[in-house]
Amino acid sequence: MKTALITGATSGIGRATARILARNNYKIILCGRREDRILELQKELLAFTAVHTLLFDVRDKKAVFDSITSLPEAFSTIDVLINNAGNAHGLDPIQTGDLEDWDAMIDINVKGLLYVSKAIIPQMIERKSGHIINIGSVAGKEVYPNGNVYCASKYAVDALNKSMRMDLNPFGIRVGAIHPGMVETEFSEVRFKGDKDKAAAAYKGLKPLQAEDIADIIHFVVSRPYHVNIADLIVFPTAQASATIANRTLLD
């Protein structure tokens, strides 16, 4: 039975991915910041598989390494790493952007991904096997107005995904990224500082992707035969054509 470690597992894509992998014969390591949510999800998934929880913020370098080092033997061999933790904060033009928002996006989306990867890659190299899935965004493929730092952070994920695949190729480690378009999760609510009306307006007039759609794709990707590596995948809802073009009349 393989073991999958999922960051940002307490909501959205991370939670949906934990659910589908738990039902498909993976042991699960749930990583997140919100203890109540992570324990609730663990209780749910224990009906299907073995589950271990790690409570840390990916921005905290020491906590990342201490937590992963603390894994019990039954969970210490990580076959699949899903770098899912990430956030958007604010939607402002560059000249009025909030410095704390910038720090949060760079620290979570870029540095957090690097910290967790750095903590796990050595064991994959030693075994000459492993699979890393980086969750990017269409924002890492196309810049859009007021996206500036968020887009930059996701462009970094795209670059890291490509370079990680090159660097780890000699060790037989699979590396790939999934770049979703509009997904209806807590993403927009976080971006708009809890303003539910603005968050809902982001999806007005169309049917966005659901977290379960991306989780289903992740399961497909990690379940391919070893010689198959899905390296880079962009996923839009049918109503979306690009980062800036969406048909908002389909539900009218």
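Not measured: the values here are computed from a predicted model.
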> Is there a donor-acceptor pair under 3.5 Å between the side chain of Gln210 and the backbone N or O of Glu212?
Replying inline: no
> Taking the side chain as C-beta and beyond, is there a heavy-atom pair between Leu41 and Thr10 under 4.5 Å?
Replying inline: no
> Which is it for Phe220 and Leu233 under the side-chain contact (heavy atoms from CB on, under 4.5 Å) test, yes or no, and what are the steps along the way?
Replying inline: CA-CA 12 Å; Phe220 175 82; Leu233 184 61; over 6 Å; no
> What residues join Ile245 in its hydrophobic cluster, counting side-chain heavy atom gaps under 4.5 Å, either direct or through other members?
Replying inline: none
>> Run the side-chain contact (heavy atoms from CB on, under 4.5 Å) test on Leu113 and Val58 for me, step by step, so that the C-alpha distance in whole Å, both residues' side-chain angles and the decisive distance to 0.1 Å come before the verdict.
In response: CA-CA 7 Å; Leu113 181 149; Val58 296; over 6 Å; no
> Closest heavy-atom contact between Gly176 and Asn229?
Replying inline: N-OD1, 4.3 Å
>> Does Glu44, at its CD atom, have more than 12 non-hydrogen atoms belonging to other residues, nucleotides or ligands within less than 6.0 Å?
In response: yes
> With sequence neighbours excluded, what pairs up with Lys196 under the salt bridge (Lys or Arg N to Asp or Glu O under 4.0 Å) test?
Replying inline: Glu189
>> Donor-acceptor pair, distance only, cut-off 3.5 Å: does the side chain of Arg19 make one with the backbone of Arg15?
In response: no
> Which ring pair (Phe, Tyr, Trp, His ring centres under 6.0 Å) pairs, counting each pair once, include a residue from residues 11-58, with sequence neighbours left out?
Replying inline: His52-Phe75
>> Show, in sequence, the C-alpha distance, side-chain angles and deciding distance for Thr49 and Asn25, and conclude whether the side-chain hydrogen bond (donor to acceptor under 3.5 Å, both in side chains) test is met.
In response: CA-CA 7 Å; Thr49 190; Asn25 207 35; over 6 Å; no
> So, for Thr244 and Pro145, which heavy atoms are closest and what is the spacing to 0.1 Å?
Replying inline: CG2-CD, 4.1 Å
> Can you list the residues that meet the side chain to side chain contact (heavy atoms under 4.5 Å, CB included) rule with Asn146, with sequence neighbours excluded?
Replying inline: Leu91, Pro93
> What's the verdict on side-chain contact (heavy atoms from CB on, under 4.5 Å) for His179 and Val138, showing C-alpha distance, side-chain angles and the deciding distance?
Replying inline: CA-CA 5 Å; His179 305 277; Val138 64; 5.5 Å; no
> What pairs with Asn247 under side chain to side chain donor-acceptor pair (under 3.5 Å), at least two apart in sequence or on another chain?
Replying inline: Thr249
> Can any side-chain N or O of Thr7 pair as donor or acceptor with the backbone N or O of Ala85 at less than 3.5 Å?
Replying inline: yes
> Of all heavy-atom pairs between Val64 and Ala119, which one has the smallest distance, and what is that distance?
Replying inline: CG1-CB, 4.4 Å
> For the atom pair CZ (Arg37) and OG1 (Thr53), what is the distance rounded to the nearest 0.5 Å?
Replying inline: 15.5 Å
> Are Asp36 and Arg34 ion-paired here, with the side-chain N under 4.0 Å from a carboxylate O?
Replying inline: no
> Same cluster for Ile20 and Ile13 if Ile/Leu/Val/Met/Phe/Trp/Tyr side chains link at under 4.5 Å?
Replying inline: yes
> Can you tell me how far the CG atom of Leu81 sits from the CG atom of Asp79, to the nearest 0.5 Å?
Replying inline: 11.0 Å
> From Ile120 CD1 over to Leu71 CG, what is the distance, rounded to the nearest 0.5 angstrom?
Replying inline: 8.0 Å
> Do Val222 and Ile28 belong together in a cluster built from hydrophobic side chains that touch within less than 4.5 Å?
Replying inline: yes
> Under the ring pair (Phe, Tyr, Trp, His ring centres under 6.0 Å) rule, what pairs show up with a residue in residues 106-144, not counting sequence neighbours?
Replying inline: none
>> Ignoring hydrogens, what is the shortest heavy-atom contact between Asn84 and Gly8? Give both atom names and the distance.
In response: ND2-O, 3.0 Å
>> Which residue in the set Val149, Asn148, Asn87 passes side-chain contact (heavy atoms from CB on, under 4.5 Å) when paired with Met105?
In response: Val149
>> Measuring from atom CD1 of Ile82 to atom CD1 of Ile29, what distance do you get when rounded to the nearest 0.5 angstrom?
In response: 11.0 Å
>> Does anything in residues 167-185 form a salt bridge (Lys or Arg N to Asp or Glu O under 4.0 Å)? List the pairs, not counting sequence neighbours.
In response: none
>> Once ring pair (Phe, Tyr, Trp, His ring centres under 6.0 Å) is applied, what residue pairs with a partner in residues 150-178 remain, sequence neighbours excluded?
In response: Tyr150-Phe187
> In the single-linkage hydrophobic clustering (I, L, V, M, F, W, Y; side-chain heavy atoms under 4.5 Å), do Ile106 and Ile94 co-cluster?
Replying inline: yes
>> Quick check: is Trp102 connected to Val110 through a chain of hydrophobic side chains (ILVMFWY, heavy atoms under 4.5 Å apart)?
In response: no
> Ion pair present between Asp158 and Lys154, side-chain N to carboxylate O less than 4.0 angstrom?
Replying inline: no
>> So, using side chain to side chain donor-acceptor pair (under 3.5 Å) as the criterion, who are the partners of Asn161 when residues are at least two apart?
In response: Asn134
>> I need the full list of side-chain hydrogen bond (donor to acceptor under 3.5 Å, both in side chains) pairs touching residues 198-207, with sequence neighbours left out, sorted by first then second residue.
In response: Ser188-Tyr203
>> Tell me whether Arg191 contacts the main-chain N or O of Gly90 through its side chain, where contact means a donor paired with an acceptor under 3.5 Å.
In response: yes
> Are Val157 and Ile217 co-members of a hydrophobic cluster defined by side-chain heavy atoms under 4.5 Å apart?
Replying inline: no
>> When you compare the side chains of Ser223 and Asn24, does any donor N or O come within less than 3.5 Å of an acceptor on the partner?
In response: no
>> For a 4.5 angstrom cut-off between non-hydrogen side-chain atoms, does Leu54 reach Leu30?
In response: no
> What is the distance from atom CD1 of Ile135 to atom OG1 of Thr17, rounded to the nearest 0.5 Å?
Replying inline: 6.5 Å
>> Enumerate the salt bridge (Lys or Arg N to Asp or Glu O under 4.0 Å) contacts for residues 222-242, please, sequence neighbours excluded, ordered by first and then second residue.
In response: Lys141-Asp232
> Please walk me through it: do Asp98 and His89 pass side-chain contact (heavy atoms from CB on, under 4.5 Å)?
Replying inline: CA-CA 9 Å; Asp98 186 291; His89 296 266; over 6 Å; no
>> Main chain of Leu114, side chain of Ser117: is a donor-acceptor contact present, judged purely on distance under 3.5 Å?
In response: no
>> Once rounded to the nearest 0.5 Å, what's the spacing between atom CD1 of Ile6 and atom CD1 of Ile133?
In response: 11.5 Å
>> Please check if the number of heavy atoms outside Gln95 that lie under 6.0 Å from its CD is greater than 12.
In response: yes
>> Taking salt bridge (Lys or Arg N to Asp or Glu O under 4.0 Å) as the cut-off, I'd like each qualifying pair that reaches into residues 80-94, sequence neighbours left out, listed once.
In response: none
> So, for Ile218 and Ile178, which heavy atoms are closest and what is the spacing to 0.1 Å?
Replying inline: CG1-CD1, 3.5 Å
>> Can you give me the closest heavy-atom contact between Val175 and Arg165, atom names plus distance?
In response: O-CD, 3.3 Å
